[in-house]
Amino acid sequence: MKDIISNLLLQAAQTLVSDTSQLSIMLERPKSAEHGDFACNLAMMLAKPLRQNPRAIAEQLVAALPPSEVIAKVEIAGAGFINFYLADTTKQLIVKQILEAGSQFGHNSTGEGEKVQVEFVSANPTGPLHVGHGRGAAVGDCLARLLAANGWDVTREFYYNDAGAQIDNLTKSVLARAQGLATDDPSFPENGYHGEYIADIAKAYLAKETVSADDIEVTASGDLANTESIRNFSVAYLRHEQDLDLRAFQIQFDVFSLESALYSSGKVEETVQALIESGKTYESEDALWLKTTDYDDDKDRVMRKKEGGYTYFVPDVTYHLEKWNRGFTKVINEQGADHHSTITRVRAGLQALDVGIPEGWPNYVLHQMVTVMRGGEEVKLSKRAGSYVTLRDLIEEVGCDATRFFLAARRADSQLIFDIDLARAQTNDNPVYYIQYAHARICSVLSQWGGDVAQLASRDLSALSAPSEATLMQKLSEFPEVVKNAANELAPHMVANYLKECASDLHSYYNDTKFLVDDEATKLARMALISATQQVLKNGLDLLGLSAPSKM
RNA sequence: CUGCCCGUAGCUCAAUCGGAUAGAGCACCAGCCUUCUAAGCUGGGGGUUAUAGGUUCGAUUCCUAUCGGGCAGGCCA
């Protein structure tokens, strides 16, 4: 529809401007229905080059507009906006389109089947997932769903930092617990993990339990002298715990990558050699440095420490080189903003390797901190102190759908306050239920009608002319744009906002109009409209990974 | 001190590429169930978009400065 109107405007513009090739016709959805169904600011854009009053230009444009059946009325308003009012029959087309496209409505083929990887969560295997990981999980999963809806071939990936100093720390903590040390014991590891789950791991280790995660299975030796065994068991144990967390959150990954594998395969060493050969490194103070200042960093960064180990960003560079070699020309990393300093380093490393990776690759979506409130007080999230709200606790208290919605419905780059009491106490006022309720209401009406939904697409829709119906149809027609924009902006929250609006229009319609009326043609047209709305709500809820219940 | 993110109604948050009278929910006030699910709807009050400048037909949006909050600036991740 946008294309049709743009085309009309372009033809009109040709009568005023000799060269229309540089002209971009921008059509927007006015916020207010008084301003029509589409509005165009072309006259204002042309005001300067033509040195004329925008309203005068608008009048000339409108006069030159070729006649079209799809448009009922064109008006000039405000500073020079050209407002288009669609004919009723044009508005009604969307209902048919939705019913015919079904679950594919709103999807497009922008990605052309190309590979894209979304890496998200990527928590260290040093504890259960907490709310911050939950935000990453909700946002990352929605991004993946959005990209898939835009025609991309999506791979969801989780990267485990299972090789660094934090893992040594974990191993020491488990050992200390297994030896019966309390966390406040002077000989407990200084930066050890204090959470009770460490004691659980120690107990399981001593009991020689077996745990499995992804493709590995580890049985504890129970031998306290064998730190390698403690380490492997602890990591596997926590990976298993995280798997359970993710399952409770209904999130699935296609690939789990391990930092340790990059070391054992020699890939890290290869990267370091390649970087040395690139001439972008130097030795100083017994350490090896990368000249990241050549790539917009404030200072150079250490690659190899005095003790000989590599700093965390070195395997990160290796990992991303692997991603590139695996054919992902588009990669999106969803992570907490507290790790934003790695972006410059990873990109610097990749550029220094000079293997043809574009400068801005990979893409990052950073989410800000989540503050958890309980009983009017902030719950501090400290893994080492061990007092924090786990994702699984949250899901149990608030529910999976509500938790996902809360965490994905806000812009990633603003801080989020998650009030547990509020989320739990106001379960019924939760926006996710508002949306799902709209869906359930439609299901209920359709089932009471009892007719054949599949036949609705071919029904005569001319009875749909009331304002509440026009509003709803207009909203439905926006869905494909929302899917496209949200993917372009990597902003899943736009889907959540849209769904709230769509549900609101449905609820208004529901209260304002009786659907199951005696007049057959009117009834069928209304069945078609609410059935189309049901489909859009379902498709939208699906993008957020939420259920679309038929009964509530 | 330096870099990044944020600052919108009492609270939690929106606002598409710079567009028209800045919108929802919660809370507050007044209405709507004999009628398809009241987990709903309708109406009302509530704002100098942190502050001061700048860019232009037009700024919540872009630029500069200031204030406030968060994060980072470890040879931790």
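Since the structure is predicted, the reported quantities are computational estimates derived from the model, not experimental observations. Hydrogens, waters and symmetry mates play no part in the numbers below; they use all other heavy atoms, side chains included. Chain identifiers are assigned alphabetically (A, B, ...) following the order of the sequence lines, protein sequences preceding nucleic acid strands; residue numbering begins at 1 within each chain.
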Taking atom [atom2] of [N] as reference, at what distance in whole Å does atom [atom1] of [X] sit?
X	N	atom1	atom2	value
A/Arg347	B/G3	CZ	C1'	15 Å
A/His340	B/G70	NE2	P	15 Å
A/Tyr434	B/A39	OH	P	13 Å
A/Arg304	B/G74	CZ	P	20 Å
A/Lys475	B/A24	NZ	P	11 Å
A/Asn41	B/C17	CG	C1'	9 Å
A/Gln368	B/C13	CD	P	12 Å
A/Leu499	B/C13	CG	C1'	16 Å

Could you tell me whether B/C71 is syn or anti, where syn means a glycosidic angle within 90 degrees of zero?
anti
Kindly label the base of B/C17 as syn or anti, based on whether its glycosidic torsion lies within 90° of 0.
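This nucleotide is in syn.
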Using a strict cut-off of less than 4.0 Å between a Lys/Arg side-chain nitrogen and an Asp/Glu carboxylate oxygen, indicate whether [X] and [Y] qualify as a salt bridge.
X	Y	result
A/Asp296	A/Arg347	no
A/Lys172	A/Asp168	no
A/Lys267	A/Glu322	yes
A/Glu481	A/Lys484	no
A/Arg239	A/Glu241	no
A/Arg345	A/Asp316	no

Under-4.0 Å side-chain N/O to phosphate OP1/OP2 contact, [X] with [N]:
X	N	answer
A/Arg411	B/C6	yes
A/Lys2	B/C17	no
A/Lys305	B/C76	yes
A/Lys31	B/G19	no
A/Ser414	B/C13	no
A/His493	B/A15	yes

Which whole number of Å gives the distance between the [atom1] atom of [N] and that of [M]?
N	M	atom1	value
B/C4	B/A9	C1'	29 Å
B/G58	B/C6	P	26 Å
B/G40	B/A77	C1'	48 Å
B/A52	B/U42	P	37 Å
B/G23	B/G19	P	14 Å
B/C1	B/G44	P	48 Å
B/A14	B/G25	P	16 Å
B/U21	B/A15	C1'	14 Å

What do you reckon, are the aromatic ring centroids of A/Phe158 and A/Phe120 less than 6.0 Å apart?
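No; A/Phe120 has its ring centre 6.0 Å or more from that of A/Phe158.
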A/Tyr510/A/Phe515 aromatic ring centres below 6.0 Å
yes
Using a 4.0 Å heavy-atom cut-off across all strands, classify [X] as base, sugar-phosphate, or nothing.
X	result
A/Ala77	base
A/Leu416	sugar-phosphate
A/His507	sugar-phosphate
A/Glu307	base
A/Ala287	base
A/Glu285	base
A/Glu34	base
A/Leu27	base

Opposite nucleotide pairing with [N], Watson-Crick or G-U, both atom distances under 3.5 Å:
N	value
B/U21	none
B/U2	B/A72
B/C26	B/G10
B/G46	none
B/G40	B/C32

Taking atom types as they are modelled, would you say the side chain of [X] forms a donor-acceptor pair with the base of [N] within the 3.5 Å cutoff?
X	N	answer
A/Asp298	B/G3	no
A/Asn83	B/A20	yes
A/His339	B/A77	yes
A/Tyr433	B/A39	no

Regarding A/Tyr295 and A/Glu359, do their side chains bring together a donor and an acceptor under 3.5 Å, going by distance alone?
no
Along nucleotides 30-37 of chain B, 5' to 3', which nucleotides get a B, which get an S, and which get a -, given that the test is a protein heavy-atom distance under 4.0 Å?
-----SBB
A/Phe81 aromatic ring stacked with six-membered ring of B/A20, 5.5 Å and 30°
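Stacked: ring centres under 5.5 Å, planes under 30°.
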Between OH of A/Tyr312 and NE2 of A/His339, what distance do you get to the nearest 0.5 Å?
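Reported to 0.5 Å precision, the distance equals 8.0 Å.
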If you find the nucleotide of RNA chain B closest to A/Trp289 and the one closest to A/Phe406, which residue's nucleotide is nearer the 5' end?
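Here A/Phe406 is the residue nearer the 5' end.
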Pick the nucleotide of RNA chain B nearest each of A/Ser341 and A/Ala409; which residue has the one closer to the 5' end?
A/Ala409
Can you figure out which of B/G73, B/C13, B/C71 approaches the side chain of A/Arg301 most closely?
B/G73
Answer yes or no: is there a donor N or O on one side and an acceptor on the other, between the side chain of A/Asn124 and the main chain of A/Thr126, under 3.5 Å?
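No: the side chain of A/Asn124 does not pair with the backbone of A/Thr126.
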